[in-house]
Enquirer: 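Next up is a structure, given as structure tokens.
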There are 2 protein chains.
Amino acid sequence: MEKEDIYNVREFDRFYTNILQLTDKYHLHTHFTILESRIMLEIDRGINTANQLLNLLKLDKGYISRVLKKLENEGLISKTTDQNDLRVKFLQLTPEGHKALAEINRRADNQIQELFQKVDPGQIKPIIQAMKKIQTELIDNN
Amino acid sequence: MEKEDIYNVREFDRFYTNILQLTDKYHLHTHFTILESRIMLEIDRGINTANQLLNLLKLDKGYISRVLKKLENEGLISKTTDQNDLRVKFLQLTPEGHKALAEINRRADNQIQELFQKVDPGQIKPIIQAMKKIQTELIDNN
DNA sequence: GTAATTTAGTTGACAAAAGCAACTTGAATT
DNA sequence: AATTCAAGTTGCTTTTGTCAACTAAATTAC
């Protein structure tokens, strides 16, 4: 890998860090933090234990535990003990959780649309192709 | 913009958030935080006041001020008053700051190389093309 | 040309985000 | 049965970041 390639990747990383900061702003208009939103999203997508969340988000388990407790206290998620392994608790969104997530998604979608507002419509598909290219080549090897 | 396009962008955003977390690990092997590293990098790249840093990184000015003071106390940067506007202080890396940054860059470069280790070498240029595509189309419109 | 406003940066007090380590309970290993 | 390991919780602490008040200098408005 050439010096210039590395330079370009690092430049993109800085660039995209900014983009992510912009699009993450959606959470400011809800009363959720980015992490809370992400957790609800992932639970909705099929993640169903704290431990899986841990592996995915690579955060401290104590911290995750607390955030989950907060979401539970707010009535957005519920926990049910796995009868095959009493240590594990399955996570699920409550109806209110689903409602909250729907709103979060609506706002996050809007942020993406705003981001693309000034983009030439003909360039949208090529951009997404570029994203998919990066994603498939850089497949998470952790 | 179609629903599916938005979905794909959001998926890429989650994906690339992970990538960034991985590559940001470089700072763990130095005694600098991501922000300190970033600040030294940007000063080296020509940013030369706290105010410019603020606009770039969009963080609180009190916070930036403190981080700069810490870097100054550690002898990594120095400040010199602008004689044309006594309120502003120009920032510059000290020789030790340059040395520290060189080490940070070495490690950050290594992280990128690690990330690309399992990538088919023939795909490196196409990936970088894809990154450039995204960057030029999504030009920071804040 | 002086008063009012704005701007760059600093500081104190505080809140939010995240990590560490000890602990509990249950499961798996020997 | 005893030991080790795994999932999740809790207390305590550190790190990261915000808010608001402040100083000093520059700019604008009268």
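So you know, we letter chains A, B, ... as the sequences are listed, proteins then strands, and number each from 1.
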Enquirer: Report yes if some heavy atom in the side chain of Glu4(B) is under 4.5 Å from a heavy atom in the side chain of Asn8(B); otherwise report no.
Expert: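 The answer is yes, as the side chains (C-beta and beyond) meet within the 4.5 Å cut-off.
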Enquirer: Between atom CZ in Arg87(A) and atom C1' in dC23(C), what is the gap in whole Å?
Expert: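 Computing the Arg87(A):CZ to dC23(C):C1' distance gives 15 Å.
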Enquirer: Side-chain donor-acceptor pair under 3.5 Å between Gln113(B) and Asp109(B), yes or no?
Expert: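 No, no side-chain donor-acceptor contact under 3.5 Å.
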Enquirer: What does Leu68(A) touch in the nucleic acid at a heavy-atom separation under 4.0 angstrom: a base, only the sugar-phosphate, or nothing?
Expert: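 Answer is nothing: Leu68(A) stays at 4.0 Å or more from every strand.
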Enquirer: Looking only at side-chain atoms of Leu59(B), point me to the closest of dT11(C), dG17(D), dC5(D).
Expert: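 Ranking dT11(C), dG17(D), dC5(D) by closest atom to the Leu59(B) side chain puts dG17(D) first.
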Enquirer: Side chain of Tyr63(B) only, please: which of dT10(D), dG9(C), dT16(D) is the nearest?
Expert: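 My answer, after comparing the listed nucleotides, is dT16(D).
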Enquirer: Are the aromatic ring centres of Tyr7(A) and Phe12(A) under 6.0 angstrom apart?
Expert: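 No - the distance between ring centres of Tyr7(A) and Phe12(A) does not fall below the 6.0 Å cut-off.
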Enquirer: Taking any heavy-atom pair under 4.0 Å as a contact, classify Lys70(A): base, sugar-phosphate, or nothing.
Expert: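 Lys70(A): no heavy atom of the nucleic acid under 4.0 Å.
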Enquirer: Look at the side chain of Val88(B) and decide which nucleotide, out of dA8(C), dG8(D), dC5(D), has an atom nearest to it.
Expert: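 The listed nucleotide nearest to Val88(B)'s side chain is dA8(C).
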Enquirer: 5'-most contact on DNA chain C: Ala50(B) or Gln83(A), nearest heavy atom basis?
Expert: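 Comparing both residues, the 5'-ward one is Ala50(B).
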Enquirer: Taking Glu74(B) for its side chain and Leu71(B) for its backbone only, find out whether a donor-acceptor pair lies under 3.5 Å.
Expert: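 Not a single qualifying donor-acceptor pair exists.
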Enquirer: If only side-chain N and O atoms of Lys61(A) are considered, is one of them under 4.0 Å from the OP1 or OP2 phosphate oxygen of dA22(C)?
Expert: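 Answer no for this pair, as no side-chain N or O of Lys61(A) is under 4.0 Å from OP1 or OP2.
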Enquirer: Is there a side-chain contact between Lys69(A) and the phosphate of dG8(D), meaning an N or O under 4.0 Å from OP1 or OP2?
Expert: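 The answer is no; no side-chain N or O of Lys69(A) sits under 4.0 Å from OP1 or OP2.
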Enquirer: Judged by each residue's nearest nucleotide on DNA chain C, which is more toward the 5′ side, Thr33(A) or Asp60(A)?
Expert: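 Final value for this comparison: Thr33(A).
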Enquirer: Scan side-chain atoms only and decide if Gln92(A) and Ser78(A) contain a donor-acceptor pair under the 3.5 Å cut-off.
Expert: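 Note: Gln92(A) and Ser78(A) side chains meet the donor-acceptor criterion.
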Enquirer: Take the C1' atoms of the five end pairs on each side of the helix from dG1(C)-dC30(D) to dT30(C)-dA1(D), derive the two axes, and give their angle rounded to 10 degrees.
Expert: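 It works out to 30° between the end axes.
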Enquirer: With heavy atoms under 4.0 Å as the rule, sort Asp85(B) into base, sugar-phosphate or nothing.
Expert: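 Answer is sugar-phosphate: Asp85(B) comes under 4.0 Å of backbone atoms only.
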Enquirer: Select one nucleotide: of dT18(D), dT9(D), dA8(C), the one nearest the side-chain heavy atoms of Lys89(A).
Expert: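 Output: dT9(D).
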Enquirer: Can you see whether Lys133(B) engages Gln123(A) through a side-chain donor-acceptor pair at a distance of less than 3.5 angstrom?
Expert: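 Their side chains do contain a donor-acceptor pair, which is all the 3.5 Å distance test asks for.
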Enquirer: Of the options dA25(D), dG17(D), dG9(C), whose atoms approach the side-chain atoms of Leu86(B) most closely?
Expert: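 Looking only at side-chain atoms, Leu86(B) lies closest to dA25(D).
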Enquirer: Identify which nucleotide among dG9(C), dA27(C), dT10(D) has an atom closest to any side-chain atom of Thr49(B), counting heavy atoms from C-beta outward.
Expert: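 Minimum distance to the Thr49(B) side chain belongs to dG9(C).
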Enquirer: Please check this pair: side chain of Ser37(B) against backbone of Thr33(B), looking for a donor-acceptor N/O pair closer than 3.5 Å.
Expert: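 Side chain of Ser37(B) to backbone of Thr33(B): a pair is present.
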Enquirer: Can you measure Asn51(A) atom CG to dA27(C) atom C1' for me and round it to whole angstrom units?
Expert: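 Distance check: Asn51(A) CG to dA27(C) C1' gives 14 Å.
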Enquirer: Measure from the side chain of Arg66(B), starting at C-beta and using heavy atoms only, and say which of dT10(C), dA27(C), dT18(D) lies closest.
Expert: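 Among dT10(C), dA27(C), dT18(D), the one nearest the side chain of Arg66(B) is dT18(D).
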